[in-house]
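Structure first, then comments.
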Amino acid sequence: QVQLVESGGGLVQPGGSLRLSCAASGFASDNYAIGWFRQAPGKEREGVSCISGSDGSTTYADSLKGRFTISRDNAKNTVYLQMNSLKPEDTAVYYCATADCGLADDLATMSIDRYLEVWGQGTLVTVSS
């Protein structure tokens, strides 16, 4: 069964950190770029970050550069999102999906992989005191 499973969400105080994981199974995930997206209550889904499958190059939303770091461990078929200095506005459900990272350093061009579209079920991150 082809799937992505996110984990690592939870409640954290402002200024804290969380590391989200996106575990792939049922397909050769190292051949695919993986994107992180988030959707806050009442808002549209937005792209957070993307990591390519070919060379591990990364792209971030401009507003998140310096606070979020995406990485992957192909031996574990897992992509991570390290989130530091969290703010209440980071509160959202975070999803990972197979992606096309698009143009370098331009996350607005990220799209869902056109050949294999796989989404995780999401993990809730709540930043609150």
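Keep in mind the model is a prediction, meaning the values are calculated, not measured.
Pairing each heavy atom of Gln121 with each of Val5, the nearest pair is OE1-CA, 3.6 Å. Between Ile34 and Ile70, the shortest heavy-atom distance links the atoms O-CD1, 3.9 Å. Across all non-hydrogen atoms, the minimal contact from Pro14 to Ser129 is CD-N, 3.7 Å.
Not one N or O on the side chain of Ser52 forms a donor-acceptor pair closer than 3.5 Å with the backbone of Ala33. Not one N or O on the side chain of Thr109 forms a donor-acceptor pair closer than 3.5 Å with the backbone of Gly102. At distances below 3.5 Å, not a single donor-acceptor pair connects side-chain atoms of Thr126 with backbone N or O atoms of Gly10. At least one donor-acceptor pair under 3.5 Å links the side chain of Thr98 to the backbone N or O of Val118. Panel note: side chain Asn74, backbone Asn77; no donor-acceptor pair is recorded below 3.5 Å. For the pair Arg67 (side chain) and Ser85 (backbone), a donor-acceptor distance under 3.5 Å is present. Judged by distance alone, with hydrogens and angles left aside, the side-chain atoms of Gln3 form no donor-acceptor pair with the main-chain N or O of Gly26 at under 3.5 Å. Not one N or O on the side chain of Asp106 forms a donor-acceptor pair closer than 3.5 Å with the backbone of Leu103.
At most 12 non-hydrogen atoms from other residues, nucleotides or ligands lie less than 6.0 angstrom from NZ of Lys76.
Summarising the geometry, atom OG belonging to Ser17 is positioned 5.5 Å from atom CD belonging to Gln82; distances are rounded to the nearest 0.5 Å. Remark: Trp36 CH2 to Cys22 SG distance equals 5.0 Å, nearest 0.5 Å. Atom CZ in Arg38 sits 15.5 Å away from atom SG in Cys96 (nearest 0.5 Å). Distance check, rounded to the nearest 0.5 Å: CG of Leu18 to CZ of Phe68 gives 9.0 Å. Taken to the nearest 0.5 Å, the OG atom of Ser49 stands 10.0 Å off from the NZ atom of Lys65. Note that CD of Glu6 and OG of Ser21 are 10.0 Å apart. Values are rounded to the nearest 0.5 Å.
For the pair Arg45 and Phe37, the cation-pi criterion (under 6.0 Å, within 45° of the ring axis) is fulfilled.
Salt-bridge formation is not detected for the pair Arg72/Asp30: no Lys NZ or Arg NE/NH1/NH2 atom is positioned less than 4.0 Å from an Asp or Glu carboxylate oxygen.
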Could you walk me through whether Val127 and Val125 satisfy the side-chain contact (heavy atoms from CB on, under 4.5 Å) test, starting with their C-alpha distance in whole Å, then the side-chain angles of each, then the deciding distance to 0.1 Å, before giving a yes or no?
CA-CA 7 Å; Val127 184; Val125 172; 4.1 Å; yes
Can you list the steps and then say if Thr69 with Leu81 is a side-chain contact (heavy atoms from CB on, under 4.5 Å)?
CA-CA 6 Å; Thr69 303; Leu81 185 69; over 6 Å; no
Determine, step by step, whether Asp90 and Leu64 satisfy the side-chain contact (heavy atoms from CB on, under 4.5 Å) criterion, reporting the C-alpha distance in whole Å, the side-chain angles of both residues, the deciding distance to 0.1 Å, and the verdict.
CA-CA 10 Å; Asp90 294 317; Leu64 301 177; 4.1 Å; yes
Go through the steps to decide whether Tyr94 and Met83 satisfy the test side-chain contact (heavy atoms from CB on, under 4.5 Å), and finish with yes or no.
CA-CA 11 Å; Tyr94 285 71; Met83 306 186 296; 3.8 Å; yes
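Under the 4.5 Å side-chain heavy-atom criterion for ILVMFWY residues, a single connected hydrophobic cluster contains both Met110 and Ile112. By the criterion of side-chain heavy atoms lying less than 4.5 angstrom apart, applied directly or through intervening Ile, Leu, Val, Met, Phe, Trp or Tyr residues, Trp119 is grouped together with Leu107 in one hydrophobic cluster. Hydrophobic cluster membership is shared by Tyr60 and Leu20, with clusters built from Ile, Leu, Val, Met, Phe, Trp and Tyr side chains linked at under 4.5 angstrom. Residues Leu86 and Val48 share a single hydrophobic cluster, defined by chaining ILVMFWY side chains whose heavy atoms lie under 4.5 Å apart.
Residues Leu4 and Phe27 are in side-chain contact: their nearest non-hydrogen atoms beyond the backbone lie under 4.5 Å apart.
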